[in-house]
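Contents: one structure, followed by commentary.
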Amino acid sequence: MSSLSSGFIIFGTLGSLLAFFLILYLNRSTRNPGKTTGHNYDGIEEYDNPLPAWWFWGFIITIVFGIGYLLYYPGLGNFAGLGGWTQAGALEASQEAADERYGPLFAQYLSVPVDELVNDVAAMRMGGRLFANNCAVCHGAAGTGSEGFPNLTDGDWHWGGSAEQIKTTIMQGRQAMMPAWGPALQDQGVTEVAEYVEQLAGREVDAALATAGQERYTLFCAACHMPDGSGQPMLGAPALNNESWLYGNSRLRIEDIIRHGRNGQMPAFAERLGEDKVHILAAYVRSLSTQ
Ligand code: HEC
Ligand code: HEC
């Protein structure tokens, strides 16, 4: 916060406390106790009496409390407060308390193999909540993904679908590297190889173009996508011999990816969630495609 707005807040806050106090102080007693103010409303007269004592002191206590509060907590602009309280600190403390309380709950599942955990209703309910909180933003509430974010329910895995592989994906994250082939292949080459990719996917294609594309595919693509287009989980290279596309199924899109490459990134969660929770999540992700 700039020192100008900090000063403004301090001035406004302390100024109003002072104003409250002055209003109270100046009205604490009257010069004419027991007399009327002279105001008369339909025969009802207004007496010029001071505030009841309990009310007056109630106000004083509130003002003193307010000053104490502003000294202890950060309420006055940039002044951090004498108590050292911060929002981040409070969040951390409550997270620690939660970890202490729920930690054992998650830890008990760590010894259960992922493929058994899939059948544990309580664990899967936990997994569902973890998924909603940490994964749904990218993979969708149901795990069905969207363009650039893989569908986790279709059984088509870029990085492998075994319990171990899925767990590694979530723990360490993944960085896909599809190079840009535009410069090497030129327009004609991109057209040909895209034709062959469509053939791999089982579409009707121009045979001559696809044959030319196959040569280039063997040369440039087979190392990662494999000669039969079945993909390579070690590299996150997707299978191209099916109609499951991460980046869209149109010819235009396929050519665009071949020309410019793609670098999809799955963030790592080891630090943020710890192995206990990732273990449960791996089972939950498995359950999305197997049940
Ligand atoms: C910031 C977005 C983002 C978040 C959050 C995210 N992911 Fe991912 N995830 C991705 C992307 C992008 C990929 C694909 C990476 C690539 O291009 O290969 C991916 C890939 C994966 C894969 C591999 C899929 C395959 O086909 O092999 C799994 C499994 C996965 N995520 C699970 C999770 C889980 C579980 C969570 C929550 C703990 C999560 N993701 C959170 C973006 C995200
Ligand atoms: C170095 C390994 C590597 C090579 C070589 C390679 N690719 Fe890829 N390719 C990948 C990876 C990894 C991805 C996934 C990118 C991502 O998830 O962001 C990918 C993605 C794709 C996709 C998108 C698939 C989808 O589901 O949307 C197409 C199409 C593709 N590659 C075609 C090709 C063609 C054609 C060639 C040869 C000209 C080629 N690739 C060469 C690694 C490679």
Side-chain angles (χ1 to χ4, degrees), residues 127-140 143 145-163 165-186 189-201 213-226 229 231-270 272-274 277-289:
R129 280 194 294 270
L130 285 170
F131 191 87
N133 286 336
N134 297 288
C135 324
V137 271
C138 291
H139 292 285
S146 59
E147 196 184 304
F149 301 103
N151 184 342
L152 303 177
T153 69
D154 62 2
D156 176 43
W157 301 98
H158 292 196
W159 299 96
S162 77
Q165 286 164 316
I166 293 176
K167 200 168 156 181
T168 307
T169 297
I170 306 170
M171 285 291 270
Q172 299 171 8
R174 300 284 198 186
Q175 174 67 63
M177 279 279 297
M178 161 72 184
W181 294 102
L185 290 173
Q186 303 294 323
V190 170
T191 307
E192 289 169 5
V193 86
E195 197 75 14
Y196 182 64
V197 167
E198 285 201 279
Q199 187 182 59
L200 278 175
Q214 183 172 11
E215 260 172 54
R216 297 182 188 274
Y217 180 90
T218 309
L219 202 61
F220 294 111
C221 324
C224 294
H225 292 283
M226 303 310 280
Q232 171 52 267
M234 299 262 285
L235 301 168
L240 299 176
N241 60 359
N242 59 28
E243 279 290 357
S244 153
W245 304 94
L246 179 56
Y247 291 111
N249 63 2
S250 73
R251 171 62 180 253
L252 213 63
R253 187 50 66 87
I254 293 171
E255 285 195 16
D256 178 64
I257 287 159
I258 297 172
R259 201 167 269 131
H260 301 293
R262 280 293 189 281
N263 296 291
Q265 190 186 4
M266 158 71 191
F269 282 89
R272 207 154 105 201
L273 296 178
K277 289 178 193 160
V278 171
H279 191 76
I280 296 171
L281 270 169
Y284 180 75
V285 169
R286 283 278 287 168
S287 78
L288 290 177
S289 57

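All values below were derived from every heavy atom in this structure, side-chain atoms included, with hydrogens, water molecules and symmetry-related copies excluded. Counting convention: from 1, in listed order, for ligands and their atoms alike. Residue indices begin at 1 and follow the sequence shown.
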Identify which of [options] has a heavy atom lying nearest to [atom].
atom	options	result
atom 21 (C) of ligand 1	Met266, Met178, Gln165	Met266
atom 5 (C) of ligand 1	Ile170, Asn134, Leu235	Asn134
atom 23 (C) of ligand 2	Leu200, Asn263, Ile257	Ile257

Which atoms of ligand 2 are found less than 4.0 Å from any heavy atom of [X]?
X	answer
Val197	35 (C)
Ala237	11 (C), 12 (C), 42 (C)
Gly264	16 (C), 18 (O)

Quick one: look up the protein heavy atom nearest [atom] and list residue, atom name and how far away it is.
atom	answer
atom 13 (C) of ligand 1	Pro150 CD, 3.3 Å
atom 22 (C) of ligand 1	Thr169 CG2, 3.5 Å
atom 38 (C) of ligand 2	Cys221 SG, 2.6 Å
atom 1 (C) of ligand 2	Cys224 SG, 2.7 Å
atom 24 (C) of ligand 1	Leu152 CD2, 3.8 Å
atom 41 (C) of ligand 1	Phe269 CE1, 3.5 Å
atom 4 (C) of ligand 1	Cys138 SG, 3.3 Å
atom 18 (O) of ligand 2	Tyr247 OH, 2.5 Å
atom 26 (O) of ligand 1	His158 N, 2.7 Å
atom 42 (C) of ligand 2	Met177 O, 3.5 Å
atom 28 (C) of ligand 2	Leu240 CD2, 3.8 Å
atom 14 (C) of ligand 2	Pro238 CD, 3.5 Å

Taking all non-hydrogen atoms of both residues, which atom of [X] and which atom of [Y] are closest, and how far apart?
X	Y	value
Tyr247	Arg253	O-CG, 2.7 Å
Met171	Ala268	O-CB, 3.4 Å
Trp245	Asn249	CD1-CB, 3.3 Å
Asp156	Ala239	OD1-CB, 4.5 Å
Ala194	Ile254	CB-CG2, 4.4 Å

Open item on the list: So is Pro179 touching ligand 2 or not, going by heavy atoms under 4.0 Å?
Closed with: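 Under 4.0 Å: yes for Pro179.
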
With a 4.5 Å cut-off on side-chain heavy atoms, are [Y] and [X] touching?
X	Y	result
Phe220	Leu185	yes
Met177	Leu235	no
Tyr217	Leu200	yes
Pro238	His225	yes
Asn151	Ser244	no
His158	Arg174	no
Arg251	Thr191	yes
Cys135	Leu281	yes

Atoms of ligand 1 close to [X] [distance to a heavy atom under 4.0 angstrom, numbered from 1]:
X	value
Leu281	38 (C)
Trp159	16 (C), 18 (O), 23 (C), 25 (C), 27 (O)
Asp156	26 (O)
Val285	35 (C)
Ala176	16 (C), 17 (O), 18 (O)
Gly148	12 (C)

Between the side chain of [X] and the main-chain N/O of [Y], is any donor-acceptor distance below 3.5 Å?
X	Y	answer
Arg286	Gly161	yes
His139	Phe149	no
Arg259	Val190	no

Open item on the list: Run the side-chain contact (heavy atoms from CB on, under 4.5 Å) test on Gln172 and Val278 for me, step by step, so that the C-alpha distance in whole Å, both residues' side-chain angles and the decisive distance to 0.1 Å come before the verdict.
Closed with: CA-CA 10 Å; Gln172 299 171 8; Val278 171; over 6 Å; no

Does only the side chain of [X] get under 4.0 Å from ligand 1, or the backbone, or both, or neither? Count heavy atoms.
X	value
Cys135	both
Ala282	neither
Phe149	side chain

Open item on the list: Polar contacts were defined as any N/O atom of the residue lying under 3.5 Å from an N/O atom of the ligand; does this apply to Trp157 and ligand 1?
Closed with: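 Looking only at distances, the answer is no, because the N/O contact criterion of under 3.5 Å is not met.
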
Open item on the list: Does any N or O of ligand 1 fall below 3.5 Å from an N or O anywhere on His139, backbone included?
Closed with: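 By distance alone, the answer is yes.
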
Open item on the list: Would you say CD of Gln165 has more than 12 non-hydrogen atoms from neighbouring residues, nucleotides or ligands within 6.0 angstrom?
Closed with: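 Count over threshold, so yes.
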
Task: Trp181-ligand 2 polar pair, N/O distance under 3.5 Å - done: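 So ligand 2 has no N or O lying under 3.5 Å from an N or O of Trp181.
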
Open item on the list: Leu246 versus ligand 2: do any nitrogen or oxygen atoms come within less than 3.5 Å of each other?
Closed with: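 Leu246 vs ligand 2: N/O contact under 3.5 Å present.
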
Open item on the list: As a test of understanding, state which of Ser289, Pro150, Pro233 forms a side-chain contact (heavy atoms from CB on, under 4.5 Å) with Trp157.
Closed with: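 Among Ser289, Pro150, Pro233, the one meeting side-chain contact (heavy atoms from CB on, under 4.5 Å) with Trp157 is Ser289.
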
Open item on the list: Under 4.0 Å, counting heavy atoms only: does Gly236 come that close to any atom of ligand 1?
Closed with: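 Gly236: no contact with ligand 1 (<4.0 Å).
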
TODO: May I ask whether Gln265 has any heavy atom positioned less than 4.0 angstrom from an atom of ligand 1?
DONE: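 For ligand 1, residue contact (heavy atoms, under 4.0 Å) with Gln265 is present.
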
- [ ] For atom 8 (Fe) of ligand 2, find the closest N/O/S atom on His225 and give its atom name.
- [x]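 Sorting the N, O and S atoms of His225 by distance to atom 8 (Fe) of ligand 2 puts NE2 first.
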
Open item on the list: Ring-plane angle category for Phe131 and Tyr284, please: parallel below 30°, perpendicular beyond 60°, tilted otherwise.
Closed with: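 Correct class here is tilted.
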
